[in-house]
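Written below as structure tokens is the structure these notes are about.
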Amino acid sequence: GYARTWLSPAGSTSRRCSAAGPPTPSPASARARCATAVLPVGAPHGPAAPVWFTPAPEPLTAVRLRVSPGPRDDWFTASAKDTLTSETYTVSPRSNRVAVRLAGPKLDRLRTGELPSEGLVLGAVQVPAGGEPLVFLADHPTTGGYPVIGVVHPDDLPLLAQCRPGATLRMAVTLKG
């Protein structure tokens, strides 16, 4: 039998296997000018193995995140801190690998203006001038001058990263500052 793997220019792969000789060229690979590899996998030995499918888990629709006070929580009103941990936010469709953008109640500041850019930790909850928070993920930059009100617990970040747009989340303070 043979296995053939296609690597598209965008980096995704597809595979096709055959127990009866080399697979035929894929029309898709010719159109996309993909790199291909044909790998011999040996002669079949007995009947084909059964194929089992694992259903995808249901998308997360409601998540609770633990958050500790951030380095600039003193830039926010007491009401903003309470809002962050008592109200429900919705994952925005504008979320990506850099940050999960949250739609919901705006967080009011005590201070106006911006601060010099600072380094961020994974899970930092930054609040841009518009007041809607965002939580930074794997490809986060520096702050860009916006204060960080809190930091999501590292163990909760994989759950957050799996949330689709429209999922709701709530935050709970894990450590008082």
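In this text the structure is predicted, and so the values were computed from the model without any measurement.
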What's the spacing between M171 CE and I149 CD1 if we round to 0.5 Å? 9.0 Å

Test log, rule side-chain contact (heavy atoms from CB on, under 4.5 Å), inputs D73 and K81: CA-CA 8 Å; D73 70 333; K81 295 175 202 178; 4.1 Å; yes

Looking only at heavy atoms, what is the nearest atom pair of G123 and V135, with distance? O-CG1, 3.7 Å

Heavy-atom closest contact (P154 atom, P158 atom, distance): O-CD, 3.5 Å

Using the rule given for side-chain contact (heavy atoms from CB on, under 4.5 Å), can you reason through V151 versus V121, listing the C-alpha separation, both sets of side-chain angles and the distance that settles it, and then say yes or no? CA-CA 8 Å; V151 178; V121 296; 3.8 Å; yes

Heavy atoms only: give me the nearest Y89-P105 pair and the separation to one decimal. OH-O, 2.9 Å

Hey, does the side chain of E132 reach the backbone of G104 with a donor-acceptor pair shorter than 3.5 angstrom? yes

Between R72 and E118, is there a side-chain N and carboxylate O pair less than 4.0 Å apart? yes

Show your working on side-chain contact (heavy atoms from CB on, under 4.5 Å) between L84 and D82 and close with a plain yes or no. CA-CA 5 Å; L84 181 68; D82 288 340; over 6 Å; no

Would you check, one step at a time, whether the test side-chain contact (heavy atoms from CB on, under 4.5 Å) holds for L160 with L65? CA-CA 8 Å; L160 177 61; L65 302 173; 4.1 Å; yes

Closest non-hydrogen atom pair, T112 against W75: O-CZ3, 4.4 Å

Quick one: closest heavy-atom pair of L110 and F76, and the distance? CD1-O, 3.4 Å

May I ask you to decide if S86's main-chain N or O and R170's side chain share a donor-acceptor pair within less than 3.5 Å? yes

Between L107 and T83, is there a side-chain heavy-atom distance shorter than 4.5 Å? yes

Please report the closest heavy-atom contact between L157 and V152, naming both atoms and the distance. CD2-CG1, 3.8 Å

Would a 4.5 Å heavy-atom cut-off, applied to side chains only, mark P128 and L134 as touching? yes

Atom CZ of R94 with >12 non-hydrogen neighbours under 6.0 angstrom: no

Donor-acceptor pair, R109 side chain versus V127 backbone, under 3.5 Å? yes

Are L120 and V148 side-chain neighbours, meaning at least one heavy-atom pair lies under 4.5 Å? yes

Taking 4.0 angstrom as the limit, do K106 and E87 come out as a salt bridge? no

To the nearest 0.5 Å, how far apart are OG in S95 and CG in L102? 7.0 Å

Under-4.0 Å salt bridge between R64 and D156: no

For the residue pair C163 and V100, establish whether any side-chain heavy-atom pair is separated by less than 4.5 Å. no

Can you measure from OH (Y146) to CD (E114) and round to the nearest 0.5 angstrom? 5.5 Å

